[in-house]
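Read through the structure below, which is laid out as C-alpha cells, and then see the notes.
Quantities reported herein were computed from a predicted structural model and do not represent experimental measurements. Numbering starts at 1 and runs along the sequence shown.
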Amino acid sequence: MDENKSNLPATTRKGTLKNNEDNGKFFKFPNSPASNTMINVVSHVGNLETFANRLEQNSHSSQLEFFTPPEGTSKNLSERVKYSTDNTETTIHLDNIDLFTKANKPLKKILTYTLVKLSKENVTENLDRDISIKFPLEDFVELGCYKTLRTARQAFNQAKNPLTSIKIEGVVRDKKDMRQITESGIEVLFTGAHIKNGIVEIFLNKRINWDLFALQYFSILPKSYFSLSDNAADTLLNIFMLARKRLNDIGRNKFFTISFRTLQQILELPDESSTKNPGRDIKEPILNALNEVSKIEDGDIVIEPIFNTNGNIIEFLEQGYAKIHLHNEYLEYFDDLAKTKKNKIENTMKKREEIADRAKVKDMTNKLEKQKKSKKTSSEEE
C-alpha cells in the first residue's frame, strides 16, 4: 500500500509526455518525515522563528533548532535550521531567504507537484545517468493552478532559483540503525531545472538517498489542492499530511480533528496579542479556508468547525477545532492503511506473545530437567 515505484513517464510520437494519471480525485504524495520537514520550512520561510515557537507549543515531540549564520552573513540572507523528531533529524539550509520569500507562493505548489511526480519515479536505478522528473508545463493549467501556459511559465521561472537552492542533510533512525539521507554533509536537493518544448525537467541530486528522504511513507493529495487559494491549499495539504498520522482515529471514528491553534500555525496567522482585529485577521481566515476546502471537495471531505460562537479569540484558539470527516475514495484509502497498521500491530503482539510462551515452556522444561537430575542424584546417593 505504501509502495509506488514506476518507470519514467512514457512519451508520445511527438515527444511530449503522456499524462498517465488515473481518473481518480487524488495523487499519491510522499509523506516521509524529511520531506515533510522541507515543506514546512519552505512554507514558513517568512517567519521561521514564530513557526518554531508555535511548533514547540503544539507538538512536544518536534522542535526546530536555529544555527548561527556564518560570520559576515546577515541572518535575513541565510537560514539553517534543524528539525528533530523522535526518529529523525533533518537540517534544511536556505542560502537566500529573500529569494525564497519573494517566490514563496508559486514555489509551494510547484514544490508540491514535484514531490507528487517524484513518487512515480524509479530513483534507485540507473544512477550512472542523470535522474530527473519530467512533466508537461500544461499540467499546471489543467489542474487549475494557472489560467494560461504563459502565467504557468512565469511562475515556474520565478520558483526555479529557490527550488534549486534548497539544501538538506539528515539522518533517520530505524530501530537501532541510523541511516544517512545524504552521502556526505549538506547537499542541494535539485541540481537544475528548465522548460524545454513545453516540458518541465527537474534534475535530482544522485548523492541524496531519495527513498529515505521522501519515499518511505505516502499519503494522498486531492487534485483540487492546486486550484485553491493559498490558505485553503495549505489547509488541505496539512489535512492529508496529518491524516497519515491519525490512522487510529480514522479507522475507529471515520474522522479526526485539527485544533485552531495548529491552523493558526499552518496559515502563519498573527498572534492574537499583536492584532487589534483578531476576528478579521485570525478567526475569519481559518473559517474561510475550512469552508473553501469543504465546498470544493463537495461531500468527500466534510469539515465541522467546533467552537463557542460567543467566545473570545483566546477561547476560539484554545478550545476550538475542526472535525474532519473523510468519505468515499479518501476514507477507503485511509481505512485500508488503518487496517494494515492494525494488522501489523496485532501480528507483532502475537509474535511477542508466542516468543514469551516459548520462553515459558523452555523455562519450565529446564526446571523439570533440573528436578529430574536432582531426584536421580538423590536416588544414586541413597
Side-chain angles (χ1 to χ4, degrees), residues 1-4 26-46 48 51-52 54-65 79-94 100 104 107-120 123 133 162-163 166-174 179-182 186-187 189-190 204 208-222 225 233-247 250 256 258-259 262-263 265-268 324 333-334 337 341:
M1 191 71 175
D2 278 345
E3 296 180 0
N4 184 26
F26 59 81
F27 294 113
K28 184 163 280 191
F29 183 72
N31 195 51
S32 296
S35 59
N36 287 352
T37 296
M38 179 191 64
I39 292 172
N40 278 325
V41 171
V42 170
S43 295
H44 297 88
V45 69
L48 278 169
F51 172 68
R54 289 175 173 175
L55 180 71
E56 188 174 346
Q57 294 171 2
N58 296 334
S59 176
H60 299 296
S61 62
S62 305
Q63 70 177 68
L64 248 65
E65 177 184 346
E79 194 74 84
R80 188 179 179 193
V81 296
K82 182 168 73 174
Y83 186 98
S84 303
T85 66
D86 292 339
N87 298 314
T88 64
E89 287 183 3
T90 308
T91 299
I92 306 293
H93 190 175
L94 309 178
F100 280 88
N104 198 246
L107 175 62
K108 283 197 288 187
K109 288 187 177 179
I110 288 170
L111 176 59
T112 299
Y113 196 59
T114 299
L115 291 177
V116 165
K117 289 300 181 181
L118 176 65
S119 72
K120 298 178 176 298
V123 296
I133 297 167
L163 181 69
I166 301 170
K167 296 178 182 178
I168 189 169
E169 179 182 24
V171 296
V172 174
R173 299 183 188 88
D174 184 9
R179 303 168 64 194
Q180 298 286 340
I181 292 174
T182 57
I186 198 158
E187 293 274 3
L189 274 175
F190 307 109
L204 310 179
I208 302 286
N209 185 332
W210 288 95
D211 278 346
L212 197 60
F213 168 69
L215 306 179
Q216 284 185 301
Y217 307 103
F218 291 91
S219 185
I220 56 177
L221 180 66
Y225 162 85
D234 289 343
T235 299
L236 184 62
L237 175 61
N238 280 272
I239 281 174
F240 281 88
M241 288 170 68
L242 187 58
R244 188 64 176 76
K245 300 178 181 179
R246 300 290 178 83
L247 292 179
I250 295 172
F256 64 100
I258 301 178
S259 73
T262 298
L263 286 171
Q265 169 190 311
I266 290 168
L267 302 182
E268 291 190 283
I324 314 293
Y333 181 88
F334 287 106
L337 284 182
K341 180 180 178 181

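Among residues two or more places apart in sequence or in another chain, the salt bridge (Lys or Arg N to Asp or Glu O under 4.0 Å) test is passed with Lys109 by none. Applying the ring-ring contact (aromatic ring centres under 6.0 Å, His included) test to Phe29 and every residue at least two apart in sequence or in another chain returns nothing. Remark: Phe100 engages no residue in a ring-ring contact (aromatic ring centres under 6.0 Å, His included) (not counting sequence neighbours). Under the side chain to side chain donor-acceptor pair (under 3.5 Å) criterion, Thr182 pairs with no residue at all, not counting sequence neighbours. Not counting sequence neighbours, the partners of Glu169 by the salt bridge (Lys or Arg N to Asp or Glu O under 4.0 Å) test are Arg80. Under the side chain to side chain donor-acceptor pair (under 3.5 Å) criterion, Asn40 pairs with no residue, sequence neighbours left out.
In this structure, CD1 in Ile239 is found 7.5 Å from CG in Leu263, a value given to the nearest 0.5 Å. Distance check, rounded to the nearest 0.5 Å: CG of Asp211 to CD of Gln216 gives 8.5 Å. With values rounded to the nearest 0.5 angstrom, Ile133 atom CD1 is found 12.0 Å from Lys120 atom NZ. For the atom pair OG1 (Thr37) and CD (Glu89), the distance works out to 11.0 Å, reported to the nearest 0.5 Å. Atom-to-atom distance recorded for Ile186:CD1 and Thr91:OG1 is 6.0 Å, nearest 0.5 angstrom. Atom CD1 of Ile39 and atom CG of Leu111 lie 6.0 Å apart (nearest 0.5 Å).
The heavy-atom pair separating Lys108 from Ser43 by the smallest distance is CD-OG, 3.4 Å. Minimum interatomic distance between His44 and Gln265 (heavy atoms only, all atoms of both residues): NE2-O, 3.1 Å. Scanning all heavy atoms of the two residues, the minimum distance from Phe213 to Ser32 falls at O-CB, 3.6 Å. Of all the heavy atoms in Glu187 and Ile208, the pair that sits closest is CB-CD1, 3.8 Å. In terms of heavy-atom proximity, Tyr333 sits nearest to Ser219 at OH-O, 3.7 Å. In terms of heavy atoms, Phe240 sits closest to Ile220 at CB-O, 3.1 Å.
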Show, in sequence, the C-alpha distance, side-chain angles and deciding distance for Ile250 and Leu337, and conclude whether the side-chain contact (heavy atoms from CB on, under 4.5 Å) test is met. CA-CA 10 Å; Ile250 295 172; Leu337 284 182; over 6 Å; no
Apply side-chain contact (heavy atoms from CB on, under 4.5 Å) to residues Leu189 and Met38 and explain how you reach the verdict. CA-CA 10 Å; Leu189 274 175; Met38 179 191 64; 3.0 Å; yes
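Under the 3.5 Å distance criterion, the side-chain polar atoms of Asn104 are matched with a main-chain donor or acceptor of Val42. In terms of modelled atom types and a separation under 3.5 Å, the side chain of Ser259 and the main chain of Thr262 share a donor-acceptor contact.
Side-chain contact between Pro30 and Tyr217 is absent, with no heavy atoms from C-beta onward closer than 4.5 Å. Side-chain contact between Leu242 and Ile324: absent, with no pair of heavy atoms (C-beta onward) separated by less than 4.5 Å. Taking the side chain as every heavy atom from C-beta outward, Ile258 and Asn238 never approach each other to under 4.5 Å.
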